[in-house]
Amino acid sequence: MRITFFSTQSYDKAWFEVNNQIHDLHFVDVPLSEETVILAKGSGAVCAFVNDKLNEAVMGALAEMGVKLIAMCCAGYNNVNLQAAKQYGLTVVRVPAYSPHAVAEHTLALILTLNRKTHKAYNRVREGNFSLERLMGFDLYQKTVGVVGTGKIGAVFCRIMLGLGCKVMAYDIHQDEELIKMGVIYTDLPELLQKSDIISLHCPLNEATHYLINAESLMLMKKGSMLINTGRGGLIDTKAVVKSLKSGHLGYLGLDVYEQEDKLFFRDFSEFVIQDELILRLMSFPNVLVTAHQAFFTEEAMTEIAQTTLENVNAFEQGMELKNKVD
Ligand code: NAD
């Protein structure tokens, strides 16, 4: 089958080509949108990623061109209008789990970097500055970590933090018995926010979780606490978070995802004037660390993404059961 890949990066092309044997792969580097959807002409399937726009207009255009399958190369599908897909007879598949470890470990990297300021120490030492002034962190041991969403990624993250000797509290609409046996304490969201020193978000973005962290929920959090978001940008009201950072209430912020990331992430703007005032404000804080949606980005995860996506396409083409179908 001919497959058009949108938002292609060099590493996507490399990983998919190495894992492909039978399909005709077409790579375009622009994101999928109403303006670019025409590039899918002649393909039976399109592959899309986290910031591609899969709205009703795009679905209609894809169906009209004869595209039958949308293969998401990621787990989240908040950017896919599933109702429109159904309306136009398009099947949507995804990669439900590529490496929960990749994201959970990156979450820990954000926490440790913010806490122990290794990014600052690296630069200081290279400039001959061996002072420890303003580099003091805190022990993670015995701190309370609040995990929102204990699915595949959240569960791995809970285990990592238990291993570091933290107390782990969790909030999820479904409780994981295995985690309870290991010592995770489930509670409601307000109590989790009130008691945690570090809060990490691992739930999907949907109507119920949009702006889960807002002005009110920030006020419930302990003064000086750390907020980490490797889930989706829309889980956080970024303007409210900026206010809380300015007032000194929120102590640290680590983001791998950002509300307006579709206009920035996965591209190089180093020689351009960035127009997004909010991200510029965020990056001006000494206690904020932003990575550009790289939590998933390990060799193991890329292999799994390429193999599962191609298996999804094979299964669809051969009329087999689609275990990774999104309904
Ligand atoms: P998952 O489906 O295994 O787990 C999600 C968990 O969230 C489930 O346990 C679910 O019950 C819970 N949940 C759903 N609605 C909730 C609500 N309203 N309140 C609290 N909990 C709720 O998904 P996963 O594989 O663990 O991934 C979690 C999220 O991480 C994805 O949806 C995606 O947005 C994000 N993600 C980010 C990256 C990255 O590179 N930054 C990579 C992969 C996934």
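Every number for a ligand or one of its atoms is a count from 1 in the order of the listing. These values consider heavy atoms only, across backbone and side chains, with no hydrogens, waters or symmetry-generated copies.
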So is [X] polar-close to ligand 1, meaning N/O to N/O under 3.5 Å?
X      : value
His174 : no
Asp256 : yes
Gly149 : no
Gly151 : yes
Thr230 : yes
Tyr98  : no

Which residue owns the protein heavy atom closest to [atom], what's the atom, and how far is it?
atom                    : answer
atom 7 (O) of ligand 1  : Pro204 CD, 3.3 Å
atom 11 (O) of ligand 1 : Asp172 OD1, 2.6 Å
atom 35 (C) of ligand 1 : Gly231 O, 3.5 Å
atom 17 (C) of ligand 1 : Thr209 CG2, 3.6 Å
atom 20 (C) of ligand 1 : Tyr171 CE2, 3.6 Å
atom 26 (O) of ligand 1 : Ile153 N, 2.8 Å
atom 28 (C) of ligand 1 : His202 O, 3.3 Å

May I have all residue pairs that pass salt bridge (Lys or Arg N to Asp or Glu O under 4.0 Å) and include part of residues 173-182, sequence neighbours excluded? Glu178-Lys181

Applied to residues 297-315, the salt bridge (Lys or Arg N to Asp or Glu O under 4.0 Å) test, sequence neighbours excluded, yields none

Measure from NZ or CZ of Arg267 to the centre of the six-membered ring of Phe269 and say whether it is under 6.0 Å with the direction within 45° of the ring axis.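 No, Arg267 and Phe269 do not form such a contact.
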
Do Ile160 and Met169 sit in the same hydrophobic cluster, where Ile, Leu, Val, Met, Phe, Trp and Tyr count as joined when their side-chain heavy atoms come under 4.5 Å apart? no

Can we call the ring centroids of Tyr171 and Tyr186 under 6.0 Å apart? no

Mark yes when over 12 heavy atoms from residues, nucleotides or ligands other than Gln260 sit less than 6.0 Å from its CD; otherwise mark no. yes

